[in-house]
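Below: the structure, in structure tokens.
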Amino acid sequence: MIRKLTYSFFCIFLVLLLVSCKKQEVTLNIGFSGPMTGDSANYGKLMSQAVQIAIDERNELGGIGGQIKLRMIAEDDEGKVDKANLAIEKLINVDHIVGLVGAVFSSCSLAIAPKCEQAQVVMISPSSTHKLLTSLGKYIFRNVLSDESQAKVFAKYVKEKLGYSKIAILNLKNDYSQGLADDFKTQFESDGGKIIAMESGLQGDKDFKTQLTKLWAKQPEAIFIPGYVNEMAQILQQAKDMGIKTHWLAADGFSNPEIFDLAGDLANGVIFSNSPDESSLGNAKKKEFEAKYLKRFKQKPDSFSLNSYDAANILMDAMQFVYNEASPDDQRSANLNPAKIRNYVADLEDYQGVSGKITFLSNRDVLKNVGIFQADHKEFVQQGIYLIKDGQLLEVVE
Amino acid sequence: MISLVLLIGIYFGIYALLALGQNLITGMTGLLSLCQAAFMAIGAYTTAIILTSHHPLPLAELIVIVVFMGSLFGAMIGLPTLRLKGDYLAIASLGFGEIVKNVLLNADKFTGGPMGITHIPSVQLGRILISPYDKSVYLIFVWGFVGVILWGLFRLQRSRFGRALEAIREDEVAASSLGLNTTLYKVVAFMIGAAISALAGMLWAIYNGSVIPQSFDFMLSIMVLCMVVLGGLGNYFAALVGTMVIVIISELPRLLGFSVLIPAQLDQILFGLILVILMIYRPEGLLGRPVSKRNS
Amino acid sequence: MTTLLSTQGLSRSFGGIVAVNDLNLQINKGIITGLIGPNGAGKTTSFNCITGLDSPTGGRVFFNDRDITGFSPPRINRLGIARTFQNLRLFRDMTVFENVMVARHHTSSFSTLLSLLRINDEEKKIQIAAGHWLERLGLWTHRDERAQDLPYGLQKRLELARAMATEPTLLFLDEPAAGLNRTETEQLMTTLRDFRDEGLSIVIIEHDMHLIMNVCEQITVLNFGQMIGQGTPKQVRTNPLVIEAYLGKDDHATR
Amino acid sequence: MLQHLLNGFTVGSIYALVALGYTLVYGVLKFINFAHGDVLMIGTYIALIVFNFLRTFIEPSIAFIIAILAGMASSALLAVLIERVAYRPLRHAPRLAPLLSAIGLSVILSNTAALIFGTKSQRFEMPFNNTPIHWGNLVVTPYQGLILLTSLTMMVLLHFFIKMTRTGKAMRAVSEKPMVAQLMGIDTDRIIRFTFILGSALGAVAGILVSLDYKVYPTLGSLIGLKAFIAAVIGGIGNISGAMLGGILLGVLETYGVAVLGIPVGYKDSVAFVLLIIILLWRPSGILGSNKREKI
């Protein structure tokens with residue numbers, strides 16, 4: 001009986017394998033890879049929804065060149081490296097994606113970047129801030145504010161504009177938060193500030209009372225807590241319970257609207273850096289996009305979703321550009337030259353996205369303005385938009 | 001589609017190695033240990049550190065060091081815990097696994113902490129370049145290991161050492177009163193199992209090109225145990241079948257393309273359902289324990 | 001009559017209960033010694049303390065005048081002491097042949113590891129030795145059956161064959177005749193006498209008085225963990241203390 | 001100093017409550033119910049919905065009580081369903097089969113919750129104002145008081161229930177020797193079902209208490225599950241007071257270990273595992289575990 005069971009299993013598998021190979025009608029596919037299940041399922045969901053909006057908008061305008069429809073193929077990498085490899089393999093070789101928005105976690109992005117490079121698929125990560133990501137290949141971009149630039153600008157702002165000089169840091173032991181903490185520390189101390197204490201917790205930790213007690217003993221003027229919303233809400237909650245009153249500084253992870261659900265009015269007053277809201281600079285796109293997102297998904301988008309929306313649009317603009325220059329039969333069969341797509345993206349200058357003005361540097365990292373926000377009763381009020389130009393903190397004004 | 005199948009074949013091979021190691025420890029010797037992920041992490045990190053150091057070693061020496069590190073940790077974890085029985089051994093080994101992961105996460109100087117180690121280069125086997133970009137070569141490379149290990153384990157199963165392990169599983173008290181130094185046999189079995197998992201870790205690190213601590217969590221160890229139990233404890237061939245079933249089920253939605261249509265949660269639910277159903281109808285595993293072998 | 005194994009003040013208590021109380025046992029070389037006593041007299045417990053499966057709470061054990069107290073079971077076995085168990089402990093899933101072959105591993109565990117590399121002639125020697133003991137106990141024809149498939153009588157014999165395969169000089173038998181019918185017990189008695197004639201010293205725990213009285217040259221009687229009588233079967237049979245322990249107090253009226 | 005002790009006790013009593021669920025089930029069925037964490041997660045979600053629904057028109061604290069009862073009931077119901085469908089057929093299966101089934105169930109439950117309740121972590125409003133009370137330099141929040149009070153009463157009640165009542169004795173009999181218990185006329189299936197109900201209901205209470213402080217999210221079960229399971233093993237799996245002791249000890253040492261003994265926070269989780277291994281080596285079946293002697 002067992003023999004039959006195993007052999008039948010083989011046959012079903014082979015049959016289904018052949019079935020799924022049949023050709024669909026001609027579409028241009030954009031891939032998304034991120035955690036759709038498990039602890040960080042919410043990140044994957046928020047970001048893939050943003051990409052879906054971008055693609056639906058473009059299809060309403062007739063798709064690429066008015067004829068070819070676009071499709072989003074979202075694969076779940078469960079935040080794990082082996083699943084990310086399997087996901088990218090399928091996206092490249094089965095769905096023949098032209099561009100990829102993803103992956104979400106740096107660990108997955110690092111694993112799939114070489115594969116995208118070899119397959120000449122432009123990969124724009126909206127959230128992986130690992131330093132070495134874009135060095136893995138010419139096709140590897142990122143449009144999230146890298147830790148370095150965000151932390152540099154924020155450190156200068158805190159020193160020069162807020163005038164704090166004794167800061168404590170409480171970060172998480174993961175690549176995102178650790179990177180921000182280290183870069184903030186180097187920049188802040190090179191500007192003469194002092195990091196008087198540095199404690200760390202684990203992602204998914206529930207209890208930070210111990211670290212807070214140690215930090216509070218050093219009487220810092222403010223505490224910098226780069227991390228994700230769940231942990232930051234805990235920190236704020238437990239600090240209040242312990243009667244700790246201080247100024248709180250955070251990073252773009254704080255921009256997730258969930259923070260108001262989780263921390264309630266404790267979030268008020270927290271100052272954090274994020275991709276800027278350039279509507280004051282004549283960029284109404286962000287407000288418009290957020291309204292559309294809220295209407296359709298009943299959730300406000302976080303900063304990573306903004307980046308995903310921009311990444312998708314940049315990829316589609318590149319496709320449109322390459323499509324226009326392509327020969328008629330290339331156009332009919334929608335076969336676009338990957339190198340040209342890459343070059344278009346690489347040469348992007350001052351692209352006005354919902355996450356701010358985007359320019360890709362020579363190392364394919366992104367040069368973006370940094371918005372400084374303060375949370376106030378369920379709203380993020382922008383204090384100003386800043387940039388570092390040859391070592392000087394400049395405010396970007398209309 | 002072919003290269004996706006090749007990739008699944010590669011991961012099937014890597015998980016098969018883990019399952020073979022687990023089957024030696026749990027299937028043959030009856031030690032319920034849940035720390036294959038830790039040994040895999042040791043193998044992966046040893047490879048990552050050596051290959052990214054300024055004088056990376058050739059493949060042959062790398063394999064020797066990975067096997068050595070694997071069996072060293074196998075002994076370090078095996079010795080203290082082997083006095084324990086059943087579920088207590090499972091938990092203690094699970095604990096050790098988490099400690100290893102925790103150390104990797106915090107020993108920033110060597111292991112890069114949460115950032116892990118990236119840019120792990122490909123390796124050279126004689127003239128052939130073993131790299132993640134050439135999947136068919138990598139598949140043969142991985143399954144070469146599986147073949148050698150499988151042959152070795154079959155030999156071991158029929159050898160006196162294998163017979164001693166089975167005796168220990170059947171009745172350790174009787175075995176010890178017949179003059180068998182049961183602790184020594186158990187530790188050696190643990191070391192061999194650990195070395196095999198370390199090799200799997202090496203293959204994993206070279207393919208992914210980067211290693212981070214988070215991917216070696218205790219769910220991976222539990223999944224490996226599931227593969228062995230699903231196939232049938234004590235039977236090496238069954239361990240391969242069990243691995244294939246689990247790898248295929250978890251990848252079925254992606255393989256057949258409907259991973260795009262249904263929410264990802266449904267894939268996981270499908271996986272859970274199949275596990276429950278299989279256990280109800282085949283509690284002793286798909287192929288069950290091997291019928292007593294004839295002794296030529 | 002030289003003493004092969006002796007215990008001095010051997011005692012073992014489980015919390016409040018004293019299972020073995022200050023026992024001074026004397027096992028002589030080359031003879032069959034019986035160890036009898038009512039249930040719970042501490043027979044098996046003292047067996048376990050001697051063979052290392054249990055650690056005594058007091059007293060010493062000497063084998064060939066060497067103190068072997070607290071040695072691990074494998075080490076004690078290698079010194080030449082083998083044992084069987086009260087309730088059969090066979091390797092049920094393994095074949096009869098394999099069960100006995102396991103007993104031949106103790107030549108040296110290091111060479112067992114070597115056997116991983118190639119089936120060397122060690123393996124041949126093991127199979128021959130195992131085959132010898134199977135034939136000796138009439139189990140050769142059953143060698144490829146699984147241990148658990150054998151009838152009870154043959155399983156008992158397999159456990160004996162397995163113990164003998166470790167080439168002991170002293171053999172402890174824990175109720176070897178339990179569950180055997182008359183003919184099987186007779187066969188067992190002749191087998192034990194043959195082994196003794198070949199120089200093996202044997203100690204038997206048994207309730208079957210017919211076997212004890214006809215096979216053993218020396219008998220030791222235990223009650224409540226203490227020795228209450230020792231000597232030849234005839235002496236022990238007439239010893240009042242032994243009778244009292246077994247048949248209860250004689251209430252004079254029926255004398 | 002006292003502050004850390006108090007924090008430790010709070011965390012510990014939550015671990016203890018969940019550990020009770022593991023110990024009860026293990027005591028009776030001799031297997032580790034991996035899905036226990038997820039069952040209490042579903043109960044917590046049900047309680048959250050009931051609480052948010054009732055809160056609008058009746059007094060919050062009463063709504064909270066009803067919500068707790070609803071949570072306990074739904075967890076118990078779910079547990080009975082699971083026991084009937086997935087575990088009963090495996091009653092006489094090889095030891096590891098129910099483990100796989102439990103893992104499958106855990107995956108099913110956590111993903112179904114993600115589908116139904118969404119992946120966003122939701123906040124369980126405090127039904128009472130949680131202004132901390134200051135005793136000297138000790139900061140006690142009513143929330144911590146609630147946890148300590150509820151877990152203490154639950155544990156004491158359970159302790160007497162097991163010792164005094166008929167069903168309690170029956171449960172102990174079934175956990176000791178199921179066969180003999182059956183001969184004595186105890187309906188083991190009914191007792192096993194009742195144990196599942198009891199364990200899951202207690203788990204639900206712990207889940208709700210935890211989510212007041214942390215948050216409610218679909219994978220809530222797995223993290224608490226692992227820690228509570230370790231607590232159950234430390235105390236001596238299958239032993240009720242053992243679970244309580246293990247939970248409190250784990251909680252205290254985890255917070256105490258980090259704060260006072262200066263163990264770097266990154267190693268906080270390892271503290272739990274190191275403690276676990278030390279205890280298992282010293283007492284192979286847990287502190288209060290029944291050290292069943294191997295009958296030779």
Side-chain angles (χ1 to χ4, degrees), chain B residues 26 32 80-81 83-103 105-108 113-114 172-173 177 218-219 222-223 225-226 228-230 232-233 263-285 288-289, chain D residues 26 30-32 34 82 85-86 89-90 92-116 119 218 222 226 229-230 232-234 237 264-281 284-286 289 292 294 296:
Chain B
T26 308
L32 183 58
T81 53
R83 284 207 336 265
L84 304 175
K85 292 282 177 295
D87 296 336
Y88 294 102
L89 171 59
I91 298 312
S93 51
L94 196 76
F96 260 110
E98 285 302 300
I99 290 175
V100 164
K101 191 181 86 168
N102 229 296
V103 166
L105 196 63
N106 291 291
D108 296 48
E172 187 170 352
V173 169
S177 70
F218 75 92
M219 264 324 278
I222 289 172
M223 243 346 118
L225 183 68
C226 289
V228 173
V229 172
L230 197 63
L233 269 177
Q265 271 80 11
L266 280 185
D267 306 343
Q268 302 284 346
I269 292 173
L270 171 76
F271 178 76
L273 266 178
I274 291 178
L275 220 56
V276 172
I277 292 163
L278 273 178
M279 272 304 112
I280 291 175
Y281 290 106
R282 288 295 300 178
E284 68 287 354
R289 188 172 290 284
Chain D
Y26 184 90
K30 295 293 177 287
F31 93 94
I32 310 152
F34 251 88
I82 289 175
V85 168
L90 303 178
H92 304 296
R95 259 176 56 73
L96 287 176
L99 182 72
L100 246 69
S101 185
I103 290 160
L105 282 168
S106 167
V107 167
I108 295 172
L109 288 177
S110 55
N111 281 286
T112 323
L115 266 181
I116 300 169
T119 52
S222 47
L226 174 67
F229 178 65
I230 291 170
V233 172
I234 289 177
I237 193 89
V265 153
Y267 292 98
K268 176 168 81 91
D269 283 347
S270 310
V271 166
F273 294 118
V274 167
L275 165 72
L276 167 74
I277 287 164
I278 293 168
I279 286 179
L280 284 182
L281 293 181
S285 46
K292 283 192 280 306
E294 178 108 18
I296 293 168

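Computation of the quantities below employed the complete heavy-atom set of this structure, encompassing side-chain atoms and omitting hydrogens, waters and symmetry-equivalent molecules. Each chain gets a letter, A, B and so on, in the order its sequence line appears, and its residues count up from 1.
- In this structure, no portion of D:Ser106 lies under 4.5 Å from any heavy atom of chain B.
- Taken from OG1 in D:Thr112 to CD1 in B:Ile269, the straight-line distance is 4.0 Å, to the nearest 0.5 Å.
- Contacts of D:Leu280 with chain B are made by both backbone and side-chain atoms, with heavy-atom separations under 4.5 Å.
- Between D:Leu100 atom CG and B:Arg282 atom CZ the span is 14.0 Å, to the nearest 0.5 Å.
- Of the two parts of B:Leu84, only the side chain, counted from C-beta on, holds a non-hydrogen atom closer than 4.5 Å to a non-hydrogen atom of chain D.
- In this structure, the separation between CG on B:Leu225 and CD1 on D:Ile103 is 7.0 Å, given to the nearest 0.5 Å.
- Using a 4.5 Å cut-off between heavy atoms, B:Phe96 touches chain D through backbone and side chain atoms alike.
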side-chain contact (heavy atoms from CB on, under 4.5 Å) between B:Ile222 and D:Phe34, worked out:
CA-CA 11 Å; B:Ile222 289 172; D:Phe34 251 88; 3.3 Å; yes

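- Here the closest heavy-atom approach between residue D:Leu90 and residue B:Ile280 is recorded as CD2-CA, 4.0 Å.
- Taking D:Ala114, D:Pro218, D:Ala97, D:Ala86 one by one and counting their heavy-atom pairs under 4.5 Å with chain B, the maximum is reached by D:Ala97.
- Using a 4.5 Å cut-off between heavy atoms, B:Leu275 touches chain D through its side chain atoms alone.
- When each of D:Val107, D:Val233, D:Ile277 is checked for heavy-atom pairs under 4.5 Å with chain B, D:Ile277 comes out on top.
- One distance of note links CE of B:Met279 with CG of D:Leu105; it measures 12.5 Å at 0.5 Å rounding.
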Are B:Leu32 and D:Leu96 close enough, and set up right, to give a side-chain contact (heavy atoms from CB on, under 4.5 Å), and what steps lead you there?
CA-CA 9 Å; B:Leu32 183 58; D:Leu96 287 176; 3.7 Å; yes

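- If you measure heavy-atom distances from D:Leu99 to chain B, the contacts under 4.5 Å come from the side chain alone.
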Stepwise side-chain contact (heavy atoms from CB on, under 4.5 Å) test for D:Val85 and B:Val276:
CA-CA 9 Å; D:Val85 168; B:Val276 172; 5.5 Å; no

